[in-house]
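Presented below is the structure to which this report refers.
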Amino acid sequence: MNTQLIEAVRGIVVEQFKSHGADHDFDHILRVYNMAMFLQSKEGGDADIIACAALLHDISDHKLNGGIMNDGGRVSKEILLKLGQTELFADTVAKIVDGVSYKGASVADEAFSLEVQIVRDADRLDAMGAIGIARAFHFGGSRNRPFYLADTAPKEHRTFEEYANDKSHTINHFHEKLLLLQDRLHTKTAIAEGQKRHDLMQEFVDAFYADWHFMGYKESVTAKPGERY
Ligand code: ADP
Ligand code: NI
């Protein structure tokens, strides 16, 4: 592996992530990097491409860059060319960075290479399981969203814009994304690890509803029709 290049990319990424919240901080990048390298050791694929794409995969996220969609590839390419990499290498990583993100329940994932599958699987595994639950509630909390609104059903998003602009409650995010991820993992190694994380989230969501409705919460509140309280 080109450790000099990977150290240089890491140095650039860590600077940009210093002020990010726990749903998307440098710890997320490191977990995705470590998982991607683990998947690479089992599944194969170009290690340098996977390492760079894992480190750069959230470099210009629309939620953090003022709303520009699919900008990470452009920024990644610029970084890699500055670090002396070839056009071909930079373009290959850039295409993966733009292809990694979940874009909505009805938006298909393009599996154009083993490398994109591995980085995408690594990113998705980090959105699942115990850490996935923690990240989701941190995300909702940072935007002051309610945990759950019984009368706001989950949606099946048909476009990235529709998905990205949805400001629903956090439990909906489990139905709109997190519980759908297991069936959208690519590699055998990720599918095996994902199953445990998926089952834990399902158990959590079931327990959440059971706790919520334990004392007939909704029925016991004297809310006006159509109002939350
Ligand atoms: P990806 O890394 O696949 O692009 P995102 O950037 O969409 O994922 O999300 C980053 C983290 O924030 C993930 O853990 C995700 O589940 C969480 N998140 C994104 N949107 C929401 C939401 N509407 N409610 C709760 N958590 C969310
Ligand atoms: Ni990510």
Side-chain angles (χ1 to χ4, degrees), residues 1-37 39-40 45-127 135 139 142-143 157-166 177 181 184 186:
M1 260 174 96
N2 186 344
T3 44
Q4 212 183 336
L5 168 66
I6 290 153
E7 277 307 315
V9 173
R10 183 194 199 279
I12 293 168
V13 176
V14 81
E15 276 310 308
Q16 301 228 359
F17 277 73
K18 276 198 168 138
S19 57
H20 290 192
D23 59 300
H24 243 156
D25 59 4
F26 193 68
D27 284 330
H28 165 65
I29 304 300
L30 278 185
R31 290 191 302 266
V32 172
Y33 173 81
N34 289 334
M35 180 60 79
M37 297 328 289
L39 296 177
Q40 190 276 337
D46 185 304
D48 287 332
I49 296 279
I50 292 171
C52 289
L55 287 171
L56 290 163
H57 83 275
D58 277 331
I59 196 73
S60 186
D61 191 282
H62 68 93
K63 293 190 286 321
L64 309 160
N65 71 8
I68 315 162
M69 308 294 241
N70 300 317
D71 189 45
R74 184 189 64 76
V75 176
S76 301
K77 180 171 177 179
E78 220 173 79
I79 291 172
L80 292 168
L81 289 180
K82 265 196 203 135
L83 291 172
Q85 297 308 297
T86 62
E87 282 277 327
L88 177 62
F89 185 89
D91 279 333
T92 307
V93 173
K95 192 168 176 218
I96 297 173
V97 169
D98 281 337
V100 161
S101 243
Y102 181 83
K103 298 182 170 68
S106 297
V107 186
D109 300 312
E110 220 195 313
F112 49 81
S113 66
L114 176 58
E115 288 80 7
V116 77
Q117 295 183 17
I118 285 181
V119 178
R120 194 187 279 141
D121 280 357
D123 192 32
R124 291 192 172 168
L125 285 172
D126 202 56
R135 292 179 73 205
F139 182 101
S142 70
R143 286 151 180 82
H157 300 112
R158 281 156 304 156
T159 66
F160 190 17
E161 281 71 19
E162 220 178 275
Y163 166 72
N165 291 325
D166 203 313
K177 174 183 175 185
L181 293 178
R184 294 176 67 155
H186 303 282

Starting at CD1 of Ile12, measure out to CD of Glu7 and round the result to the nearest 0.5 Å. 11.5 Å
Classify the side-chain pair Asp58/His24 by whether it contains a donor and acceptor separated by less than 3.5 Å. yes
Could you work out, with side-chain contact (heavy atoms from CB on, under 4.5 Å) as the rule, every residue matching Leu30, not counting sequence neighbours? Arg10, Phe26
Would Thr86 and Phe89 count as a side-chain contact (heavy atoms from CB on, under 4.5 Å) here? Give the steps. CA-CA 5 Å; Thr86 62; Phe89 185 89; 3.3 Å; yes
In short, salt bridge (Lys or Arg N to Asp or Glu O under 4.0 Å) pairs touching residues 89-99 with sequence neighbours left out are Lys77-Asp91
So do Tyr33 and Ile6 actually touch side chain to side chain, heavy atoms under 4.5 Å? yes
For His28, does its backbone N or O pair with a side-chain atom of Asp25 as donor and acceptor, under 3.5 Å? yes
Sorted by chain and number, sequence neighbours left out, ring pair (Phe, Tyr, Trp, His ring centres under 6.0 Å) with His186 holds for none
CD1/Ile49 to OG1/Thr92 distance, rounded to the nearest 0.5 angstrom? 4.5 Å
State, with a plain yes or no, whether a side-chain heavy atom of Leu114 is found less than 4.5 Å away from one of Ile50. no
Is there a side-chain contact between Leu80 and Val9, using heavy atoms and a 4.5 Å cut-off? yes
Do Ile96 and Phe112 have side chains that get closer than 4.5 Å, going by heavy atoms? yes
His57 side chain to Ala54 main-chain N or O, any donor-acceptor pair under 3.5 Å? yes
Under the 3.5 angstrom rule, does the side chain of Gln40 hit a backbone N or O of Asp46 as a donor-acceptor pair? no
Who pairs with Ser19 by side-chain contact (heavy atoms from CB on, under 4.5 Å), at least two apart in sequence or on another chain? none
Min side-chain heavy-atom separation Met35-Val32 under 4.5 Å: no
Can you name the closest pair of heavy atoms from Ala8 and Leu83 and give their distance? CB-CD2, 3.9 Å
Partner set under side-chain hydrogen bond (donor to acceptor under 3.5 Å, both in side chains) for Ser60, not counting sequence neighbours: Asn65, Asp71
Please identify each residue that fulfils salt bridge (charged side-chain N to carboxylate O under 4.0 Å, His left out) with Glu78, with sequence neighbours left out. Arg74
So, using salt bridge (charged side-chain N to carboxylate O under 4.0 Å, His left out) as the criterion, who are the partners of Asp126 when residues are at least two apart? Arg31, Arg135
Compare every heavy atom of Arg120 with every heavy atom of Gly99, then report the nearest pair and how far apart it is. O-NH2, 2.8 Å
Could you pull out all residues at least two apart from Asp121 that satisfy side-chain hydrogen bond (donor to acceptor under 3.5 Å, both in side chains)? Thr187
All heavy atoms of Val97 vs all of Ala53, minimum pair found to be CG2-O, 4.2 Å
Residues two or more places apart in sequence or in another chain: which of them pass salt bridge (charged side-chain N to carboxylate O under 4.0 Å, His left out) with Arg124? Asp109
Which residues pass the side-chain contact (heavy atoms from CB on, under 4.5 Å) test with Gln16, not counting sequence neighbours? Ile59
Can you name the residues that form a side-chain contact (heavy atoms from CB on, under 4.5 Å) with Asn2, not counting sequence neighbours? Gln4, Leu5, Asp48, Gln85
Reported SG-to-CE distance for the pair Cys52 and Met1, which is rounded to 0.5 angstrom: 8.0 Å
